[in-house]
Amino acid sequence: MTLSEAQRLVKSKQRVADHGEVFTPGWMVEDMLDLVKHESERIDARVLEPACGSGNFLVPVLARKLVTVQLRHGKSEFEKRHYALFALMCTYGIELLADNAEECRDNLAEVFNTFMGISSDDQWAQAARAVLAVNIVQGDALTMTLVSGQPITFPEWGYLGKGKFQRRDFRYDDLTQRASYEGTLFGELDDDDLFVPAQTYPTMTVNQIAEAAA
C-alpha cells in the first residue's frame, strides 16, 4: 500500500487516535462479503454493521440486494419498487460519529435513488430517508446506547405484499439476547416469549412512510 492509499483510508490522524477510525478498502469489503455471498445478496437478510462509518460495508450490501431485486422482480415495476425499499429496510448501522452516520445515510440513499431512477424529492426517496433515519443510528454499539444515553432501538420492517409494510420496534440489547437463542438478529420467536416489541405500528404504505420524513 502506498502512502497516498493509506491516507485515503483515514479522515484525520486525530480521529484514528480518538476513535480508531480506519476505513476498510473496497476490494477487501467485496472479498469479505463473498464469504457470505448468499446472505449478502438475499433481499430480506437483515444486515447490521455495528461500526458502519460512511457505509463501506452497507453500500455494497445494499447494491447486492438490489441486484437480486432486479433479477426477481424487475418485470413488475410495482414489486420492484416495494422490494427495493424492503431491501433498504433490512440494512442497519450503528456509528459513533455524527458526520459518518449522516454520510452513511446519504450514500445509501444515493444507491437507492439511482436504482429507482428517482430524484431526492420523489415520494420513494422521502420514504427511503424516513427508513434510514431510524435504521442508521448514531450511538455506541458496545454500550448499546444512543448519544443521549437512551437504549438503541431498531425497527423490524416487514413487507406484507400489496404495497403494505409493517414496523415493530425492538431494543438492541434485547435483540442481542434473541440472537444468542436463534443465531440471527430478529430471530423468530413465539409471541409469548420474552422478546416483545417496544412499539408496534399500524400497517403503512410508501406514502405514509414518506410522510414521516416530512
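For clarity, every value in this text was computed on a predicted model and none was experimentally measured. The figures that follow rest on heavy atoms only: side chains count, while hydrogens, waters and symmetry mates do not.
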**Prompt:** Between Gln208 and Thr205, is there a donor-acceptor pair closer than 3.5 Å when you use the side chain of the first and the backbone of the second?
**Reply:**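 At least one qualifying donor-acceptor pair exists.
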
**Message:** Treating Tyr92 as the side-chain partner and Pro155 as the backbone partner, does any N or O pair qualify as donor plus acceptor under 3.5 Å?
**Reply:** yes

Run the side chain to side chain donor-acceptor pair (under 3.5 Å) test against [X] and tell me which residues pass, sequence neighbours left out.
X      : result
Gln138 : none
Arg72  : none
Asp106 : Arg129
Gln166 : none

If you look only at pairs with a residue in [range], which of them pass as a salt bridge (Lys or Arg N to Asp or Glu O under 4.0 Å), with sequence neighbours excluded?
range            : answer
residues 134-154 : none
residues 80-90   : Glu77-Arg81
residues 54-69   : Glu30-Arg64, Asp34-Arg64

Return the set of residues passing salt bridge (Lys or Arg N to Asp or Glu O under 4.0 Å) with [X] (not counting sequence neighbours), or none when no residue passes.
X      : value
Glu41  : Lys37
Glu110 : none
Arg171 : Asp173
Asp121 : none

In this structure, would [X] and [Y] fall into the same cluster of hydrophobic residues linked by side-chain contacts under 4.5 Å?
X      : Y      : result
Val59  : Val67  : no
Val29  : Val36  : no
Val131 : Leu146 : yes
Leu85  : Leu160 : no

To the nearest 0.5 Å, tell me how far [X] [atom1] sits from [Y] [atom2].
X      : Y      : atom1 : atom2 : answer
Thr153 : Tyr172 : OG1   : OH    : 12.5 Å
Lys164 : Tyr159 : NZ    : OH    : 10.5 Å
Leu97  : Ser54  : CG    : OG    : 11.0 Å
Ile136 : Cys104 : CD1   : SG    : 4.5 Å
Asn135 : Ile94  : CG    : CD1   : 11.0 Å
Asn113 : Asp122 : CG    : CG    : 8.0 Å

Counting C-beta onward and ignoring hydrogens, is there a side-chain heavy-atom pair between [X] and [Y] closer than 4.5 Å?
X      : Y      : answer
Phe154 : Val137 : yes
Asp169 : Arg167 : yes
Phe115 : Leu62  : no

Do you know which two heavy atoms are closest between [X] and [Y], and how far apart they sit?
X      : Y      : result
Gly55  : Pro60  : O-CD, 3.8 Å
Leu33  : Ser40  : O-OG, 3.6 Å
Arg105 : Glu102 : NH1-OE1, 2.8 Å
Leu66  : Phe112 : CD1-CA, 4.4 Å
Ala125 : Ser119 : CB-O, 3.3 Å
Gly53  : Glu95  : N-OE1, 2.8 Å

**Prompt:** What pairs of residues pass the ring pair (Phe, Tyr, Trp, His ring centres under 6.0 Å) test when at least one of them lies in residues 57-78, not counting sequence neighbours?
**Reply:**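 For residues 57-78: His73-Tyr83, Phe78-His82.
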
**Message:** Does Gln123 form a side-chain contact (heavy atoms from CB on, under 4.5 Å) with Asn207? I'd like the steps, not just the answer.
**Reply:** CA-CA 7 Å; Gln123 173 184 269; Asn207 182 58; 2.9 Å; yes

**Request:** Give the intermediate values and the outcome of side-chain contact (heavy atoms from CB on, under 4.5 Å) for residues Leu175 and Leu48.
**Result:** CA-CA 11 Å; Leu175 292 175; Leu48 167 65; over 6 Å; no

**Prompt:** side-chain contact (heavy atoms from CB on, under 4.5 Å) between Ile209 and Met89: does it pass, once the steps are laid out?
**Reply:** CA-CA 11 Å; Ile209 296 171; Met89 289 172 165; 3.6 Å; yes

